[in-house]
Each structure stands twice: as C-alpha cells, then as structure tokens.
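This chain uses plain numbering: 1 for the first residue, then up along the sequence.
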Amino acid sequence: MSNSTNQLKKSLGLSFNIAVLIGGTIGVGILRTPGSIAGLLNNYWLIIASWLFGGLYILLGANSYSELATMLPKAGGSYNYIKRAFGEYAGFLSGWFDYIVNAIPPAFYCIVISEYTIILFPSIANYSTVISVSLLAAFVLLHLSGVKNGSVIQQITSFLKVICFVALVIACFMYSGVEIPKIETDSSIFQIGLIFGFFKSLQLIIGTYNGWNAVCFFAEENDDPSKNIPKSLYSGVLLVVAIYILVNAAFFHVLPIETLAKSNLAAADVAKIIFGEKGAVIVTIISIFSLISILNAFMMIPPRILYGLSRDGFFIEKGTTVNKGGTPIVALLVSSFFSLLLIIFVGSFEILFSFAAFISIIVWGLAYFSLLKLRSAEPNLLRPYRSILYPWTTIIAIAASIALVAGFIYSDPASFAVIVGITVVSYPLFLVLKRIKK
C-alpha cells in the first residue's frame, strides 16, 4: 500500500455481506428474463431445470470462493487468487476482465431505471439519458460521503427487496383464476435449435445470478472475514436460488408459457392479471426499488477491484487513494466515468447484460483453477475455511465453466470476438505497465 492513510477500513460485517450479495444479485433480471427464457425453451420443466442448474453452479462457486476469499482476504476478489496462482499477467488480465464485468452493471441499471421511470411518467420520455446520468451522479455523491452510508443503504434496500419478492410470490400462488394447460414434453430437446436456446437461456440466467460473489470484493474491509464470508456466501446464494426458482414457478402458476414468452417484462404482465391495471405500476415501482439496491452494490464493487489493481501497479498509483470515509475515491470516479461512457454510447440493456455474463464465467473458471493450483503449490498457506468435498466440487465447477464458455461461444459469437480483442490488446499493455512500474 502507498501509506497508512490509503488503507481500506475494517468496518463491514456479516449483515453487510448478506445484504450486498442479495442486493448485488437480485434485480431486474429475474423480473425481465423469464419471458425471454420461456420464448427460447417453451418447456416448463426445462426452464425450471435451467434455473436450478444455474443455482447449483453458483453454489459450487460459493464453496470454492469461501476458501479463496478467506485465504486471501484482499480488495479486488478473484484477481488476487488468479494472480497468486498463475502470475502477474494472468492476474492483470483477469483483474481487468473482472473490472469490466463489474463496471458494466451501473450503466445498464441506470439505463433500466430510467426506462421504468418513463413508464410511470411518459411525459419525460425524451429525457432517458439525462435521467440515467443524473442517477449515476447522485450515487457517486452518496459514495463519496463514505463507505458507512453506502453500507446502511445496502442493508435497508436489500431487506425491503426480499420482502417485496416474497410478497409477489405469495400473491401469485394465492391466485387461481387461470387454468394452466398441460405442458407437453418437447421431443426436440436435442435439436440444434433448442441447444442454442438452452445456452442462450443459461447466459441470461447466469447474468441474473451475477453478483453472487460480491462479498469477496469487500474481504479486506470485513471485521471477521474467516467467519463472515463463508456464512454470507452460502446463506445468500441459497436464498437467491430459492427466490429465483419460486418466482419462475409463481409466474407459471398465473400465466401459461405461451403468454409469458411474448412478455418483455414478465412480472408486469403477471401482476396485471393479479392486481388489475394497477399491477403493472406496482411491479414497475418494485423494479425501480430493486434496481436502486443493486445499483448501490455495483457502485461499490468496481472501485475495490481498481484499488487492488492500482496497489499492484496495474493502474495509476492515485487509484489507491482512500478518503476519510473509507471510499477509494479516485477508483470510484474513474469507474463512474466508464459507466457514463457506456450509458451515452451503448445504451442497450440486452447487449451489456449478455456480455457481462459471458466474461464472468471466464473469470470464475480461472478462480476455480487457481484453487487447484494453490492447494498443490502452497499447501501450507493459512486456510481458515476449506472447500467441501475438495477437489471434486472444484473440478465439477471447472467442467461446468468450460461447458458454459463453449456454449456461449456458439450462442453469442459477437461477445466472444470482443473478449478475444481485449485479450490480444492486454499483453502489450501489461508489458508497458510493468516497465513503468519498474
């Protein structure tokens, strides 16, 4: 570290960990993607199985990350484990991959909040970008005031968000006005079209689960990482998986797949059936509220990654500057500027969402590989928590990651081309930064 004033403060506990995991995961994805997935798969059990597969994959990840994050409790998360296992270039590349994937969400959440605000107030339809940018600026100011304020907002909004989703699920299951037709088993499950749909659905599902490892980015600021990180990872992931599967089952209880498949915002159409014309307004308000919680979480994550990269000489030295409130201030401003550029020049939820899911799988896969490598290369490294059923759970997570990457290359070649481009540019940039560092 540069000096004692630029150290992050150990001011976060278990309640924040669980709140940032829930807040950083449950957002508009679960309200928006069920309709898209119903259109891709058109089979109830295949859809539920896909969400369950995604949940099991994330749970395997939580098992491995519990060991990694307690073994190396540093700001920046995955980057630290991969760098320790495979060297500086691997750390540099994965760190910037991880930074990009976590700096993208503030942009698309600002975009979607502005879209939903316009649904409530159609007269401001021409001010979508202005609303997005204003929202980003407001959260920058909030986090410049200190990490404690961000932590309090996270805990309150995450708790209320869970209450909202539980209430929506209960309302769906209490409704019995629509008779669901019997769902026929689709015999074309192994046809190439459905395989494409399956992987495209998984990409949306993984994007919806994205944020599950948020607690690892704050390990350095945790007052007891050895106990708090495993507890929050397991409890938070299990809660999120349960909510996601229940929400899907609840939506299908109200509307048939054929109807949901035509919906851009499945939750709004379901709520319209249950609550009448005001239902769409209710869900839009829940969506905005949920997004504020997830936006708050993702305003805090990218600066921690950039702080870690800066500390190791892979970004400007000023990136380690921490203000009196415990916020890595330069890293926050740089990350927010990146989000601003995405809002202005990309402006598409779907493109950013799918790309973030793709690149996340690559980083998580490298982190699982690093667990295997570090167990072999540094067996005496202090491990306050050890992965359950190691090495088999980690090997399964790696195999699943490889399969998902292969599937995503097939279903989303455009995102893969961008990832290859970033990788090609990264090595000469790494060499330049290394020379500057020396």
Side-chain angles (χ1 to χ4, degrees), residues 8-31 55 58-59 61-62 65-66 69-70 73 75-77 102 105-106 109-110 113 135 138-140 142-169 208-244 246-247 286-305 325-328 332 335:
L8 297 167
K9 297 181 178 181
K10 288 189 173 293
S11 57
L12 304 175
L14 180 62
S15 58
F16 169 79
N17 278 9
I18 296 173
V20 81
L21 190 153
I22 293 168
T25 306
I26 302 175
V28 76
I30 189 57
L31 300 174
I58 297 307
L59 194 58
Y65 267 79
S66 291
T70 53
N102 284 285
Y109 291 131
C110 285
I113 291 172
L135 196 62
F139 273 87
V140 170
L142 169 68
H143 288 286
L144 285 175
S145 68
V147 71
K148 274 289 184 185
N149 292 335
S151 172
V152 170
I153 294 291
Q154 194 61 60
Q155 291 176 58
I156 293 170
T157 55
S158 295
F159 174 74
L160 293 176
K161 176 160 53 174
V162 170
I163 297 298
C164 287
F165 274 91
V166 170
L168 181 61
V169 167
T208 307
Y209 278 117
N210 210 354
W212 65 269
N213 62 337
V215 300
C216 302
F217 299 108
F218 301 91
E220 198 167 320
E221 297 163 85
N222 204 275
D223 55 16
D224 191 356
S226 299
K227 291 182 179 178
N228 291 341
I229 289 175
K231 282 182 183 177
S232 56
L233 275 171
Y234 283 115
S235 59
V237 166
L238 287 170
L239 182 59
V240 169
V241 172
I243 288 173
Y244 282 2
L246 283 171
V247 166
I286 291 174
S287 299
I288 292 171
F289 186 75
S290 297
L291 285 162
I292 287 172
S293 173
I294 201 167
L295 174 59
N296 185 70
F298 275 98
M299 289 297 294
M300 300 177 77
I301 293 169
R304 270 71 190 173
I305 301 172
T327 299
L332 172 65
S335 300

Colleague: Might you point out which heavy atoms bring S15 and Q155 nearest each other, and give the distance in Å?
Modeller: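 S15 and Q155 have their closest heavy atoms at OG-OE1, 3.1 Å.
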Colleague: Please round to the nearest 0.5 Å and tell me the distance separating atom CZ of R304 and atom OG of S335.
Modeller: 10.0 Å
Colleague: What's the separation between atom CZ in F139 and atom CG in N296, rounded to the nearest 0.5 Å?
Modeller: 5.5 Å
Colleague: Measuring only between side-chain heavy atoms, which start at C-beta, is L135 closer than 4.5 Å to L295?
Modeller: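 In short, these two side chains touch, coming nearer than 4.5 Å.
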Colleague: Quick one: CZ on F165 to CD1 on I30, what's the gap to the nearest 0.5 Å?
Modeller: 7.0 Å
Colleague: With sequence neighbours left out, write down each residue that passes side chain to side chain donor-acceptor pair (under 3.5 Å) with S66, or none if nothing qualifies.
Modeller: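 S66 satisfies side chain to side chain donor-acceptor pair (under 3.5 Å) with no other residue.
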Colleague: Supply the atom-to-atom distance M299 CE to I153 CD1, rounded to the nearest 0.5 angstrom.
Modeller: 13.0 Å
Colleague: For F16, which residues count as a ring-ring contact (aromatic ring centres under 6.0 Å, His included) partner, sequence neighbours excluded?
Modeller: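 If we apply the ring-ring contact (aromatic ring centres under 6.0 Å, His included) test to F16, skipping adjacent residues, the hits are F218.
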Colleague: Step through the shown structure and confirm whether more than 12 heavy atoms of other residues, nucleotides or ligands are within 6.0 Å of OH on Y234.
Modeller: yes
Colleague: I need the minimum non-hydrogen distance between K231 and L14, along with the two atoms involved.
Modeller: CB-CD1, 4.0 Å
Colleague: Donor-acceptor pair, distance only, cut-off 3.5 Å: does the side chain of T25 make one with the backbone of W212?
Modeller: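 A pair under 3.5 Å: yes.
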Colleague: How close do L21 and G236 get, counting heavy atoms only, and between which atoms?
Modeller: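 So the two residues come closest at CD2-C, 3.4 Å.
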Colleague: Compare all side-chain heavy atoms of N102 with those of F217 and state whether any distance is below 4.5 angstrom.
Modeller: yes
Colleague: Do N228 and N222 have side-chain atoms, one donor and one acceptor, less than 3.5 Å apart?
Modeller: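 N222 and N228 do have a side-chain donor-acceptor pair below 3.5 Å.
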Colleague: Any side-chain to backbone donor/acceptor pair from T157 onto S293? Under 3.5 Å, distance only.
Modeller: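 Checked: no pair found.
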Colleague: Taking all atoms of both residues into account, what is the closest heavy-atom pair of V140 and L332, and its distance?
Modeller: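 Between these two residues, the closest heavy atoms are O-CD2, 3.9 Å.
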Colleague: Determine whether S290 and I26 satisfy the following criterion, side-chain contact (heavy atoms from CB on, under 4.5 Å), listing intermediate values before the conclusion.
Modeller: CA-CA 7 Å; S290 297; I26 302 175; 5.6 Å; no
Colleague: Any idea which heavy atoms bring N213 and L233 closest together, and the distance?
Modeller: CA-CD2, 4.2 Å
Colleague: To the nearest 0.5 Å, how far apart are OG in S151 and CD1 in I156?
Modeller: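 So the gap between those two atoms works out to 9.5 Å.
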Colleague: L246 and side-chain contact (heavy atoms from CB on, under 4.5 Å): which partner among L168, V169, V241?
Modeller: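 For L246, the side-chain contact (heavy atoms from CB on, under 4.5 Å) test succeeds with only one of L168, V169, V241, which is V169.
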Colleague: Which heavy-atom pair separates V147 from T327 by the least distance, and what is that distance?
Modeller: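 Smallest interatomic distance, heavy atoms only, reads N-OG1, 3.5 Å.
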Colleague: Residues two or more places apart in sequence or in another chain: which of them pass side-chain contact (heavy atoms from CB on, under 4.5 Å) with N149?
Modeller: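 For N149 the side-chain contact (heavy atoms from CB on, under 4.5 Å) partners, ignoring immediate neighbours, are L142, S145.
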Colleague: Find the distance between CD1 (I294) and OG (S158) and round it off to the nearest 0.5 Å.
Modeller: 9.0 Å
Colleague: Would you call the rings of Y209 and Y244 parallel, tilted or perpendicular, where under 30° means parallel and over 60° means perpendicular?
Modeller: tilted
